[in-house]
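In what follows, a single structure is set out as structure tokens and then discussed.
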Amino acid sequence: MISILSRAKHNYQQNKKSYCLCVVIQALIFCLLVQTFWAFSLFDQWQEEQNNDEVTLFLRHDIDKLSEEQLISKILRSEQGLSVKKLNATKFLQGQLKNLMDSKETIPVVYSLLYPRNLEVKFIEKSIKKIKKYSGIITVAADMPWIEKRRALVKSINRCKLVLIVPLFILALLSTWSVVVHVHSFFRDEEAVLKMLGAQGRIVWGPAFFAILVTTVFSILVGSLVSVVGLFLSIPALCDVWSSDLLFDFYRYGESVAIIALSLLLPTLVFFMFESEQTVPKIF
């Protein structure tokens, strides 16, 4: 008796081009899913790094230690959730205020004020105006247009996630169904004859199931390889656009691929079960 594997192999040899086309189509869809998912993941990573809105505080160079501590304590009490970080003034101002500093003694004390990301821009502006009035402060530098632009970007992308992902998954499901129907069509006549002869179970649907499973697995492997190459080429560009160092996390990437692969394998099995039930015994 011819084995299930031999029947599937024989069918592949007769329809090699069609199988390869199915693999390519599914691989591109899978790659698109992974790229989209990982792009949003990288954006979330960048968003986490930019967890606060940063404002730079310049204090007089001759401020004494006690007055500095009291002033910083007063600023922290002025806004709930506000935190501060002292910066290396020489390094921070290097090349920026070179002509304004005659010696190291005139270098101001520099702090970074970190406002909570959920704080509205108008409250940040109000807080800055209030802090500027404190004694001992030279100025408070804040790039408010960038803060507003970044927040608008975050809101827009968060709103677009479902708008992009839902149609993409629907496209992936339709493509999966199309591949299942196409590959199963190669075995339909054979299954109809076997059912006419009284065969049941995996003797009937085994070869088609094996062929569809192998096609799906190969498409996942090819799609994963293409997506990895694409991501390594795109990450430097994203780092340049977002002015941030984005690290490629192989563990998170593998986890993402596994989730998306499972989300395609399960519908493939469901679609195959539905298709195999549609085959009726051959009638002469």
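We count residues from 1, following the sequence as given. Just so it is clear, the model here is predicted, and its values are computed rather than measured.
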#### Entry: Test side-chain contact (heavy atoms from CB on, under 4.5 Å) applied to Lys126 and Lys130, step by step
CA-CA 6 Å; Lys126 184 179 178 181; Lys130 182 179 178 182; 5.9 Å; no
### Query
Are Ile25 and Phe30 co-members of a hydrophobic cluster defined by side-chain heavy atoms under 4.5 Å apart?
no
### Task
Carefully, step by step, assess Gln35 and Val226 under the rule side-chain contact (heavy atoms from CB on, under 4.5 Å).
CA-CA 10 Å; Gln35 292 278 37; Val226 174; 6.0 Å; no
### Task
Look at the aromatic rings of Trp177 and Phe271 and report parallel, tilted or perpendicular, splitting at 30° and 60°.
parallel
### Message
Any side-chain to backbone donor/acceptor pair from Gln278 onto Phe274? Under 3.5 Å, distance only.
### Response
yes
### Query
Do Gln26 and Thr216 meet the criterion of a side-chain donor-acceptor pair at a distance under 3.5 Å?
no
### Message
Any side-chain to backbone donor/acceptor pair from Ser127 onto Phe123? Under 3.5 Å, distance only.
### Response
no
#### Entry: Short side-chain to backbone donor-acceptor contact, Ser227 and Ser224, under 3.5 Å
yes
### Message
If I take atom CD from residue Glu120 and atom CD from residue Glu125, how far apart are they, to the nearest 0.5 angstrom?
### Response
11.0 Å
### Message
How long is the straight-line distance from OG1 of Thr139 back to CG of Leu59, given to the nearest 0.5 Å?
### Response
11.0 Å
### Query
For the hydrophobic clusters of this structure (ILVMFWY residues joined by side-chain heavy atoms under 4.5 Å, transitively), does one cluster hold both Val222 and Ile260?
no
### Task
Say whether, by atom type as modelled, one donor and one acceptor occur between the side chain of Ser73 and the main chain of Glu69 under 3.5 angstrom.
no
### Message
Does anything in residues 178-190 form a side chain to side chain donor-acceptor pair (under 3.5 Å)? List the pairs, not counting sequence neighbours.
### Response
Arg7-Glu190, His184-Arg188, His184-Glu191, Arg188-Glu275, Arg188-Thr279
#### Entry: Euclidean distance, Ile72 CD1 relative to Ile75 CD1, rounded to 0.5 Å
4.5 Å
### Task
Apply side-chain contact (heavy atoms from CB on, under 4.5 Å) to the pair Ile131 and Leu113, showing each step before the final yes or no.
CA-CA 11 Å; Ile131 292 172; Leu113 304 181; 3.9 Å; yes
### Task
Report yes or no: do Phe187 and Val23 belong to one cluster of Ile/Leu/Val/Met/Phe/Trp/Tyr joined by side chain heavy-atom distances under 4.5 Å?
no
### Query
Centroid-to-centroid, Tyr19 to Phe186, below 6.0 Å?
yes
